[in-house]
Amino acid sequence: MKWTRKQSDSFEDRRGKGTGKKTILGGGIVGIIALALTMFGGQTGKTIGTIINQVNQNRPQTQTVQKRQLTEAEKTLGQFTEACFVYNNETWSQIFRENNSSYKKPGMILFEDNVNTACGSATSATGPFYCPADHKVYMDLRFFEELHTRFGAKKGDFAIAYVIAHEIGHHIQNIVGTNQKISQLQRGKSKAQANKLSVAQELQADFYAGIWASRNKNLLEAGDIEEAVSAAQAVGDDAIQSRVSGTVRPESFTHGTSKERVYWFMKGYQTGNLNEGKIDKIHSSIAY
Ligand SMILES: [Zn+2]
């Protein structure tokens, strides 16, 4: 991607700051089991349940996170991220203006290890996310190494640009009321139906990422769209489930298949037309 340095007062880089304490526990069930195995490894004959209970009794476990200098590569990556954040805000303010509305920009925070948000605390294992309660995008950039090494996405800056645009897409859904509409529709529904609504919401964020790309073609270099498509493919529920557990369960999907994610990103990119990605239309296109 062709980019120049752009700064925003609502962007915060907390990497290397040495936030003091790091909570070891709290990485979800996987984190707890992994820790249990580290702490109690070799205690054969005990069930996982017993081990987790023991770990819980030992809570909280903390260690100090050291302050450190960021490498040059890390600094550049942070600046690239900030520029993407600004490009997204510029594009959406323009779109809102065209629709006689005013855009309220989100915040963005780069973190390492763990972070406290208005939506609760999260670790790097959560992956990039948007918290609707504080209107901020949270991202640990090391996620992208994992996306490449573990999930097979092509390496490249536009994979990062796509993910940022997707998260800002959730901010758009938040400020125009789509999030609230989805939560309302999910009430009283079966798990599978509620999941399908989540899928529609995620695919619309992909569509919005495509809309952003379509309005920033001047920034694109050869291969950029392929990088975004490869990232969208890598984070499809079917791709992740088959890699992690070897089985695919569509009723448990929350983000959509690789094919759907690519389709809706490309739909936004090729049409540049917001009317093509209405939430009802996306929802009714989901076949499972
Ligand atoms: Zn999302």
Side-chain angles (χ1 to χ4, degrees), residues 1-16 70-98 103 105-111 127-128 130 136-149 151-172 204-235 261-274 276-277:
M1 188 174 130
K2 293 175 229 157
W3 61 283
T4 48
R5 185 115 191 249
K6 281 174 173 274
Q7 286 172 287
S8 166
D9 53 11
S10 43
F11 180 90
E12 193 189 331
D13 191 348
R14 292 188 189 162
R15 298 172 302 161
L70 297 183
T71 65
E72 284 309 309
E74 283 175 321
K75 282 182 199 162
T76 307
L77 199 56
Q79 288 165 2
F80 170 74
T81 308
E82 186 171 14
C84 285
F85 175 67
V86 175
Y87 286 128
N88 271 276
N89 288 329
E90 287 173 354
T91 299
W92 287 105
S93 341
Q94 176 66 28
I95 294 174
F96 274 63
R97 247 195 322 273
E98 287 165 14
Y103 173 70
K105 67 180 177 196
M108 182 160 181
I109 291 175
L110 295 186
F111 72 98
Y130 169 76
K136 285 182 182 144
V137 174
Y138 294 89
M139 206 175 259
D140 182 333
L141 289 169
R142 290 172 300 185
F143 166 79
F144 294 97
E145 284 157 40
E146 201 183 4
L147 192 63
H148 172 65
T149 54
F151 294 101
K154 277 186 190 163
K155 238 186 152 100
D157 59 4
F158 212 75
I160 302 176
Y162 152 69
V163 173
I164 295 170
H166 170 98
E167 297 307 336
I168 306 265
H170 286 310
H171 175 66
I172 304 303
Q204 192 184 49
D206 286 331
F207 171 78
Y208 285 160
I211 291 280
W212 172 75
S214 82
R215 285 182 166 245
N216 290 274
K217 287 191 176 138
N218 57 318
L219 303 176
L220 298 180
E221 291 176 315
D224 278 350
I225 292 300
E226 288 77 6
E227 285 167 20
V229 163
S230 171
Q233 245 157 10
V235 292
R261 300 201 67 164
V262 171
Y263 177 85
W264 286 104
F265 170 77
M266 289 306 288
K267 187 81 165 175
Y269 176 64
Q270 283 161 348
T271 66
N273 180 357
L274 279 174
E276 295 288 335

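Every heavy atom of this structure was used, including side-chain atoms; hydrogens, water molecules and symmetry mates were not.
- Residues passing the side chain to side chain contact (heavy atoms under 4.5 Å, CB included) test with K136 are I109, D134, Y138, sequence neighbours excluded.
- Every residue two or more places apart in sequence or in another chain that forms a salt bridge (charged side-chain N to carboxylate O under 4.0 Å, His left out) with K267 is listed here: E276.
- Minimum interatomic distance between A153 and A231 (heavy atoms only, all atoms of both residues): CB-CA, 4.0 Å.
- Residues Y162 and V229 have side chains not in contact (no heavy-atom distance under 4.5 Å, counting atoms from C-beta outward).
- The two residues W264 and G277 make their nearest non-hydrogen contact at CZ3-CA, 4.3 Å.
- Atoms CD and NE2, on E227 and H148 in that order, are 11.0 Å from each other to the nearest 0.5 Å.
- Between G78 and L110, the closest heavy-atom pair is CA-CD1, 3.9 Å.
- Applying the ring-ring contact (aromatic ring centres under 6.0 Å, His included) rule to F80 yields the partners W3; only residues at least two apart in sequence or on another chain are considered.
- Residues A165 and W212 approach most closely at CB-CE3, 3.9 Å, considering heavy atoms.
- For K6, the side chain to side chain donor-acceptor pair (under 3.5 Å) criterion is met by E90, not counting sequence neighbours.
- Note on ring orientation: taking the six-membered ring where Trp is involved, the planes of W92 and F96 are perpendicular (angle over 60°, cut-offs 30° and 60°).
- For the atom pair I168 CD1 and I164 CD1, the distance stands at 7.5 Å (nearest 0.5 Å).
- Summarising the geometry, atom OG1 belonging to T81 is positioned 6.0 Å from atom CD1 belonging to I160; distances are rounded to the nearest 0.5 Å.
- Residue S8 holds its OG atom at 4.5 Å from NZ of K105, rounded to the nearest 0.5 Å.
- Between V235 and V163, the closest side-chain pair of non-hydrogen atoms is not below 4.5 Å.
- Annotation: salt bridge (charged side-chain N to carboxylate O under 4.0 Å, His left out) contacts of R97 (sequence neighbours excluded): none.
- For the side chain to side chain donor-acceptor pair (under 3.5 Å) test, no residue two or more places apart in sequence or in another chain qualifies with S93.
- Between L147 and A234, the shortest heavy-atom contact is CD1-CB, 4.2 Å.
- We find the CZ-CE distance between R15 and M139 to be 11.5 Å, quoted to the nearest 0.5 Å.
- Q79 places no side-chain N or O within 3.5 Å of a backbone atom of R5 that could act as its donor or acceptor partner.
- Judged by distance alone, the side chain of T76 and the main-chain N or O of E72 form a donor-acceptor pair under 3.5 Å.
- Under the salt bridge (charged side-chain N to carboxylate O under 4.0 Å, His left out) criterion, E145 pairs with no residue, sequence neighbours left out.
- Under the side chain to side chain donor-acceptor pair (under 3.5 Å) criterion, D157 pairs with no residue, sequence neighbours left out.
- Here the closest non-hydrogen pair linking P106 and F85 is O-CZ, 3.2 Å.
- Applying the side chain to side chain contact (heavy atoms under 4.5 Å, CB included) criterion to H170, with sequence neighbours excluded, gives Y130, H166, E167, Q173, E202, A205.
- The side-chain heavy atoms of Y103 and I172, taken from C-beta on, include a pair separated by under 4.5 Å.
- Screening residues 213-224 for side chain to side chain donor-acceptor pair (under 3.5 Å) gives T91-N216, E98-R215 as the qualifying pairs, with residues at least two apart or on separate chains.
- F143 pairs by the ring-ring contact (aromatic ring centres under 6.0 Å, His included) definition with nothing, not counting sequence neighbours.
- N88 meets the side chain to side chain donor-acceptor pair (under 3.5 Å) test with no other residue; sequence neighbours excluded.
- Remark: E146 CD to F151 CZ distance equals 5.5 Å, nearest 0.5 Å.
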